[in-house]
Peer 1: 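Sending over a structure as structure tokens; questions will come in a sec.
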Amino acid sequence: MTFRQLEVFLAVVRLGTVSTAAKFLGITQSGASRMIAELENNVGFPLFHRSGRGLEITQQGRTFHEQVEKYFDGMDALKHAVRQIRSGVMDRIRLACLPTLSTSILPGAIKTLRDGFPDISIEIETVLFEDAIEMMKTRRVDVMISFLMDEMDGVTVSKLAETNCVLAAQNTHPLAKLNTVRAVDLKDHEVMGQIPAQIDVPGQDNASMMREGIIEDKPKHLWCHTSSTRYALVAAGLAVSIAEPFASPLFRAQGVVVRDFEPALPLNYGFAAYSDVWDSPEIRSLHEALRTECRKFSKSEGISVKTD
């Protein structure tokens, strides 16, 4: 299959007819029809149903279309990166950020970045780790701020911060009276379980496995995947939870408190950016601003967050 065939296919899907797509691309209708036929021959399945009403995309065609869209998104991102490299200036940063970090350390870091680079555009995707990884692999974003990730081709990865899980509970809960909650203290208390991530999460997996081992024999009827849901359920008084700490300030007004937990369950967070922009002043500024915000969070919340 050729780039031009894929381009014609996308145009037909978006515009609805071969004639409209051909006119848009500046080619003949017969030429567009021939390229669609050649593409169908190459992929080995029909892309469109042909009827008196015109063309209707097949289910196989829809699935293929999703992949072609991703391919073209990646090509657009690559062209944008080339323009940035030529100019030496980043006029836009697209980033994927873990939800808990997007509401705690990210806003202050973005403010610092904008103070230094007031004309820069910033696009923020708030996504889970597995989605952020996919977005980095297809270059739909330039930066990933999440749990520490493995090395990826063409991507530079740096450890951003290390902290430990905390015990989150309603301020009226008996465990809230303790300064440090230990595994033995969880006896007879409802403890929330964790739904495993769909892929390996290097910065979280060890803590998750240790946590589930600790609460394996504890009473639990609730399991969830995201921290915001976890804290919201704690705020409703439904259970206590061994949780990451960055979401805690959002739920303080709802009566949620956090306590140190033993044994220590370490969490590692990472910052990743494409290697061809890693040394740009904008990326360096964002990276350092995030580290600064981690230290501010540690001081204001009394929670140990190491950035060295």
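The structure displayed is predicted, hence computed values, not measured ones.
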Peer 1: First locate atom OG1 of Thr163, then atom CD of Glu244, and finally report the distance between them rounded to the nearest 0.5 Å.
Peer 2: 8.5 Å
Peer 1: So, does Arg94 use its side chain to make a donor-acceptor pair with the main chain of Arg139 at under 3.5 Å?
Peer 2: yes
Peer 1: Give a yes or no on whether a salt bridge exists between Arg259 and Asp185, defined as a side-chain N under 4.0 angstrom from a carboxylate O.
Peer 2: no
Peer 1: Would you please name every residue forming a ring pair (Phe, Tyr, Trp, His ring centres under 6.0 Å) with Tyr274, sequence neighbours left out?
Peer 2: none
Peer 1: Enumerate, atom names and distances included, each donor-acceptor pair closer than 3.5 Å involving a side-chain atom of residues 121-137, sequence neighbours excluded.
Peer 2:
none

Peer 1: According to the side-chain hydrogen bond (donor to acceptor under 3.5 Å, both in side chains) rule, which pairs have a member within residues 228-238, sequence neighbours left out?
Peer 2: Gln194-Arg230, Thr226-Thr229, Arg230-Ser241
Peer 1: Run the side-chain hydrogen bond (donor to acceptor under 3.5 Å, both in side chains) test against Lys111 and tell me which residues pass, sequence neighbours left out.
Peer 2: Asp115
Peer 1: Anything under 3.5 Å between a donor and an acceptor, one on a side chain of residues 144-160, the other on a protein residue two or more places apart or in another chain? List them.
Peer 2:
from, atom 1, to, atom 2, distance (Å)
Thr156, OG1, Ser275, OG, 2.9
Lys159, NZ, Glu162, OE1, 2.9
Lys159, NZ, Asn268, OD1, 3.1

Peer 1: Using only atom types and a distance under 3.5 Å, with no angle test, would you say the side chain of Thr58 pairs donor to acceptor with the backbone of Pro46?
Peer 2: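 At least one qualifying donor-acceptor pair exists.
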Peer 1: Decide, yes or no, whether a salt bridge links Glu288 with Arg284 under the criterion of side-chain N to carboxylate O below 4.0 Å.
Peer 2: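 Between Arg284 and Glu288 there is no salt bridge, as every charged N stays at least 4.0 Å from the carboxylate O atoms.
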Peer 1: Determine whether Arg14 and Glu69 satisfy the following criterion, side chain to side chain contact (heavy atoms under 4.5 Å, CB included), listing intermediate values before the conclusion.
Peer 2: CA-CA 11 Å; Arg14 290 170 180 170; Glu69 284 277 19; 3.0 Å; yes
Peer 1: Is it true that Glu301 and Arg252 make a salt bridge, defined as a side-chain N closer than 4.0 Å to a carboxylate O?
Peer 2: yes
Peer 1: Tell me, with the steps shown, if Ile93 and Leu113 meet side chain to side chain contact (heavy atoms under 4.5 Å, CB included).
Peer 2: CA-CA 11 Å; Ile93 294 179; Leu113 178 65; 4.1 Å; yes
Peer 1: Hydrophobic cluster mates of Ile215, side-chain heavy atoms under 4.5 angstrom, ILVMFWY only, any path?
Peer 2: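 Result for Ile215 is Leu167, Leu175, Leu178, Val181, Leu186, Val191, Met210, Ile214, Val240, Ile242, Phe261, Leu265.
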Peer 1: Backbone N or O of Phe251 within a donor-acceptor pair of the Gln254 side chain at under 3.5 Å?
Peer 2: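 Here the side-chain-to-backbone pair does not exist.
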